[in-house]
Amino acid sequence: MARDDGGALADRARGAMLGLAIGDALGATVEFMTPREISAQYGVHERICGGGWLRLEAGEVTDDTTMTLALGEAWLRARGVPDAEACAQAFDAWMRAKPVDIGNTVRRGIVRWRLSGSTEAPLSSDAGNGATMRCLPVALACLGAAQQVTAYAALVQARVTHNNPLTDVATLCVVDMVQSALLGAGQHAIVERAEMLAAQCPEFDFHGRHCDNPSGYIVDTMRAVCQSMARHDGFRAVLTDVVNRGGDADTTGAIAGMVMGALCGERALPPAWVGALRPTVRAACISMATGLIELAPLCYPQPTRSVI
Ligand code: MN
Ligand code: MN
């Protein structure tokens with residue numbers, strides 16, 4: 001890597017990918033439960049122990065992580081921004097491999113591509129969180145790229161399954177949050193970015209009432225994530241808070257996890273949570289993070305002038 005930052009950037013990239021998997025694995029146990037049901041069963045849920053409606057084994061992850069890895073593979077194959085066709089093919093292969101779970105909008109989008117070859121979902125009122133939960137490869141591989149390139153990459157992958165303005169702004173916002181964190185911003189800067197999102201689209205305002213039981217609607221998802229990041233400090237506290245809100249807990253966990261993991265880096269992740277991930281998942285996350293950050297324009301070797 002050309003940029004000599006003592007490995008901090010690579011550490012943050014790994015932190016983001018492992019943070020996503022941790023949030024997914026932790027949240028999956030309580031997905032679709034209410035906060036009241038969670039506290040009756042677990043007190044505070046803070047152990048990666050599997051179970052949940054998917055009957056996962058401890059340390060197993062769901063579509064949030066596996067779709068992210070599938071999109072990441074498309075980047076590594078393309079050695080740059082995968083086009084719409086490459087994204088659709090990656091998602092199709094992912095679905096053929098029988099993922100443990102799959103969102104309705106994602107399924108519909110992939111089936112549409114299979115039947116019609118169209119890589120763009122029609123404009124829809126369906127603002128699911130599936131395009132946002134898998135956006136991490138864009139944040140990593142586009143670090144240092146022109147803003148238009150980053151926006152194109154974020155939306156071309158989204159459009160295969162999602163076509164809604166609220167999904168778009170949320171996806172761009174999460175990419176931006178992760179990139180700020182990778183570059184060393186503090187948590188307050190991330191919360192300021194959340195404030196910008198709310199200023200841009202008032203639907204996302206996360207002040208006031210406690211956002212419990214967030215649905216898969218991206219507005220609910222983002223409000224819960226932003227509220228947790230605004231009201232709690234550090235990876236462990238934010239992740240514990242957000243998954244204990246229940247609802248689409250694996251996805252709120254995954255989104256909060258990638259942002260907070262990019263902030264703190266792999267070395268500052270709670271060791272018990274990193275250790276609880278399945279070894280194959282942990283290894284896949286680490287190698288994917290390394291591969292993607294090496295594609296980032298910020299990390300290209302500086303062009304050398306030939307000296308005659
Ligand atoms: Mn999931
Ligand atoms: Mn989910």
Side-chain angles (χ1 to χ4, degrees), residues 16-35 37-38 45 48-72 90-91 94-95 97-110 126-137 157-158 160-162 164 166-167 170-171 174 211-228 238-261 273 276-278 280-281 284-285 288:
M17 195 63 79
L18 288 166
L20 163 89
I22 288 171
D24 183 8
L26 185 67
T29 304
V30 294
E31 191 183 20
F32 303 134
M33 291 172 74
T34 65
E37 288 166 343
I38 295 169
H45 170 59
I48 294 180
C49 56
W53 73 281
L54 293 169
R55 300 171 190 272
L56 298 174
E57 288 180 40
E60 220 181 319
V61 289
T62 75
D63 56 348
D64 308 73
T65 305
T66 57
M67 261 205 127
T68 300
L69 292 170
L71 180 60
F91 299 154
W94 168 82
M95 187 162 140
K98 303 212 183 309
V100 291
D101 63 339
I102 179 166
N104 293 331
T105 315
V106 168
R107 180 195 302 277
R108 204 176 312 125
I110 297 171
D126 182 351
N129 57 21
T132 311
M133 77 186 186
R134 65 180 184 231
C135 73
L136 179 56
Q157 67 81 22
V160 176
T161 52
H162 292 66
N164 180 281
L166 291 170
T167 296
T171 304
V174 171
C211 302
D212 280 336
N213 227 3
S215 71
Y217 176 43
I218 189 62
V219 169
D220 285 351
T221 308
M222 287 303 289
R223 289 180 66 227
V225 169
C226 293
Q227 199 174 73
S228 287
V238 169
L239 271 278
T240 303
D241 179 76
V242 88
V243 301
N244 280 275
R245 292 165 185 257
D248 198 355
D250 59 332
T251 305
T252 57
I255 295 173
M258 69 173 107
V259 175
M260 296 305 300
W273 282 351
L277 289 174
R278 300 201 117 188
T280 49
V281 169
C285 287
M288 182 56 71

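Whatever order the structure lists ligands and atoms in, that order sets their numbers, starting from 1. Note that these values count all heavy atoms, side chains included, but never hydrogens, waters or copies made by symmetry.
Looking at Glu57, its side chain never comes within 3.5 Å of a backbone N or O of Gly50 through a donor-acceptor pair. Although no hydrogens or angles enter the test, the distance criterion places no donor-acceptor pair under 3.5 Å between the side chain of Thr34 and the main chain of Gly247. The closest donor-acceptor contact from the side chain of Thr161 to the backbone of Thr105 lies at 3.5 Å or more, if one exists at all.
Around the Mn ion (ligand 1), the two atoms OD1 of Asp64 and OG1 of Thr62 are separated by an angle of 80°, to 10 degrees. Expressed to the nearest 10°, the angle at the Mn ion (ligand 2) joining OD1 in Asp248 with OD1 in Asp250 is 80°.
The distance from the Mn ion (ligand 1) to the nearest N/O/S atom of Thr251 is not under 2.8 Å. Inclusion of Asp63 in the first shell of the Mn ion (ligand 2) is not supported: no N, O or S atom falls under 2.8 Å. The Mn ion (ligand 1) does not have Asp24 among its coordinating residues (no N/O/S atom, backbone or side chain, under 2.8 Å).
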Next on the checklist: Under the criterion side-chain hydrogen bond (donor to acceptor under 3.5 Å, both in side chains), I'd like the reasoning laid out for Thr171 against Thr132: C-alpha separation, chi angles, the key distance, then a yes or no.
Outcome noted: CA-CA 5 Å; Thr171 304; Thr132 311; 3.0 Å; yes

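For Asp101, the N/O/S atom at the shortest distance from the Mn ion (ligand 1) is named OD2. In terms of distance to the Mn ion (ligand 2), the nearest N, O or S atom of Glu31 is named OE2.
Using modelled atom types, one finds a donor on one side chain and an acceptor on the other under 3.5 Å when comparing Thr62 with Asp24.
Between Ile22 and Ile48, some side-chain heavy-atom pair lies under the 4.5 Å cut-off.
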